[in-house]
Amino acid sequence: MRGTPRTRRIPRPALGVLIGVTALFTAGTLATPAGAAPEPGPSTARVHSVPASAQQQARDFWTPERMRSAVPLDLLDADARSTDAAPRAGRPATVAPTVPTAGTADVGPAAFPNGGGAWTGGGAVVNTAGRVFFTYQGRTASCSGNAVTSANKSTVITAGHCVKLEGAWHTDWVFVPGYHDGQAPHGRWTATKTLSTPQWTASEDINYDVGAAVVAPLDGQRLTDVVGGQGLAFNTGYNLRMYAFGFPAAAPYDGQKFIYCSGTTNRDFLLSSDHGMGCDMTGGSSGGPWFTQFNEATGTGLQSSVNSFKYNFLPNRMYGPYFGADAQNLYQAAQSS
């Protein structure tokens, strides 16, 4: 951890205020099957390939002790992230979840809205979501992520800053679905490739803070054959009922419990075109999934954003990028890898 979070401030003449942005390390539809979502445009994702030797090293590196001790890195410098262009639009499109149905039907409802509490509902989300671990600038760190329906059955969606930050791709990258208390009940899945949007890769634009990973088979099985995959939705608008999940690791949380928020979102009117939701999750929750059409009884939904950042002066409000054409391109690139 970097100690007390720093606040970087940038001028915004239209607002007449100084604003700092804090990251959250440790932040009508056309139904289509996996692999068939319409191609939104020419912009392509940026891909980082991981050698086989590094994949094995990552799997061995992340012992239960290292997972428990991984710390959140909790600041993005707002003035280093251009926010001039809103996300490119495309046609509304959805991808259906592909999750086992056994054992998910008797889950009781949770409170809506909820500003941050332990998820006790069970369902598919406790298996598809998990913690992301990696090495960043020589130290261990963590984010959150989620397995999604994909043609390769091996795609994880997370935040852009959970795969690349300050010009460097993270190393020792693994996804641990269903993580709890240092345990990896479904194994540690190492990345063969990590990907992000071209805008995040080039300038770390917070409007495009979306990342993905393609993970290697484990014990002869592919990821979503083991844990299932959530659905996705692109270009579906704002002001939606959404649920956000993650593994916050900065105080008052410790990274060992699965936390959720829920509420009706609105569009950020300050520095980004992101969704905003009342939520007190902290560092470590970055990359955790936001769902529309979330079914509490089964724990399934359509992933439509990820935990990305907070304004320092709004600690109880979370922001997540709009899944537009470039997020859709990223998903297509990942599932085709």
Side-chain angles (χ1 to χ4, degrees), residues 1-2 5 20-27 67 70-78 80-81 116 129-137 139-148 156-166 168-170 173-177 179 191 194-197 200-201 204-213 242-251 253-261 268 272 274-277 279-291 303-312 314-323 327 330:
M1 184 178 295
R2 295 179 176 176
V21 177
T22 302
L24 298 166
F25 287 79
T26 181
M67 289 191 292
V71 296
L73 305 177
D74 52 9
L75 183 70
L76 287 180
D77 294 331
R81 276 82 185 169
R131 288 187 79 179
V132 170
F133 296 96
F134 52 87
T135 299
Y136 168 68
Q137 294 188 346
R139 52 187 182 262
T140 59
S142 71
C143 279
S144 301
N146 182 59
V148 296
V156 177
I157 300 295
T158 186
H161 66 261
C162 296
V163 296
K164 184 178 186 290
L165 186 65
E166 297 178 356
W169 295 91
H170 303 321
W173 202 101
V174 301
F175 175 58
V176 183
Y179 175 93
T194 49
L195 308 87
S196 190
T197 59
W200 178 260
T201 303
E204 298 186 354
D205 186 328
I206 57 175
N207 279 319
Y208 298 91
D209 185 18
V210 189
M242 298 179 79
Y243 288 69
F245 292 85
F247 291 84
Y253 299 105
D254 62 5
Q256 305 307 310
K257 295 179 176 60
F258 191 39
I259 305 299
Y260 86 105
C261 298
D268 181 20
S272 78
D274 285 17
H275 301 281
M277 179 194 300
C279 186
D280 69 2
M281 282 195 280
T282 60
S285 64
S286 275
W290 290 37
F291 297 108
Q303 184 166 352
S304 305
S305 188
V306 296
N307 297 320
S308 177
F309 76 93
K310 286 186 174 183
Y311 294 106
N312 284 347
L314 293 174
N316 294 321
R317 194 156 190 83
M318 179 83 73
Y319 291 88
Y322 184 82
F323 272 21
L330 174 68

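- Between Ala129 and Phe258 the shortest heavy-atom distance is CB-CZ, 3.6 Å.
- Between Val210 and Ala327, the shortest heavy-atom distance links the atoms CG2-CB, 4.5 Å.
- Partner Cys261 forms a side-chain contact (heavy atoms from CB on, under 4.5 Å) with one of Met318, Met242, Arg317, Met277 and no other, that one being Met277.
- The OG atom of Ser196 lies 5.5 Å from the CH2 atom of Trp169; values are rounded to the nearest 0.5 Å.
- Ring orientation note: the planes of Trp200 and His161 are tilted relative to one another, at an angle of 30° to 60°.
- By the side chain to side chain donor-acceptor pair (under 3.5 Å) test, Asp274 pairs with no residue at all, sequence neighbours left out.
- With sequence neighbours left out, the ring pair (Phe, Tyr, Trp, His ring centres under 6.0 Å) criterion links Phe291 to Phe245, Phe294.
- Going from atom OG of Ser144 over to atom CZ of Phe133 covers 9.0 Å, rounded to the nearest 0.5 Å.
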(message) One pair to check against side-chain contact (heavy atoms from CB on, under 4.5 Å): Phe323 and Val306. What are the steps and the verdict?
(response) CA-CA 9 Å; Phe323 272 21; Val306 296; 4.2 Å; yes
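- Between Ser305 and His275 the shortest side-chain heavy-atom distance falls below 4.5 Å.
- One N or O on the side chain of Arg131 and one on the backbone of Gly255 form a donor-acceptor pair closer than 3.5 Å.
- Interatomic distance, CG of Asn146 versus CD1 of Ile157, reported as 8.5 Å (0.5 Å rounding).
- Checking side-chain atoms of Thr158 against main-chain N and O of Gly211 turns up no donor-acceptor pair under 3.5 Å.
- Between Ala251 and Thr282, the shortest heavy-atom distance links the atoms O-CG2, 3.4 Å.
- Of all heavy-atom pairs between Gly145 and Pro289, the closest is O-CD, 4.2 Å.
- What you find for Val163 and Ala212 is that their closest heavy atoms are CG1-O, 3.9 Å.
- Remark: Ala191 engages Trp173, Thr194, Ala213 in a side-chain contact (heavy atoms from CB on, under 4.5 Å) (not counting sequence neighbours).
- Partners of Asp254 according to the side-chain contact (heavy atoms from CB on, under 4.5 Å) rule, which considers only residues two or more places apart in sequence or in another chain, are Gln256, Lys257.
- Smallest separation of non-hydrogen atoms from Met67 and Val176: SD-CG2, 3.9 Å.
- In this structure Tyr322 satisfies the side chain to side chain donor-acceptor pair (under 3.5 Å) test with no other residue, sequence neighbours excluded.
- Scanning for side-chain contact (heavy atoms from CB on, under 4.5 Å) contacts around Asp280 gives Tyr253, Asn316, with sequence neighbours left out.
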(message) side-chain contact (heavy atoms from CB on, under 4.5 Å), that's the test. Do Tyr319 and Ile206 meet it? Break it down for me.
(response) CA-CA 10 Å; Tyr319 291 88; Ile206 57 175; over 6 Å; no
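- Atom NE2 in His170 sits 5.5 Å away from atom CG in Leu165 (nearest 0.5 Å).
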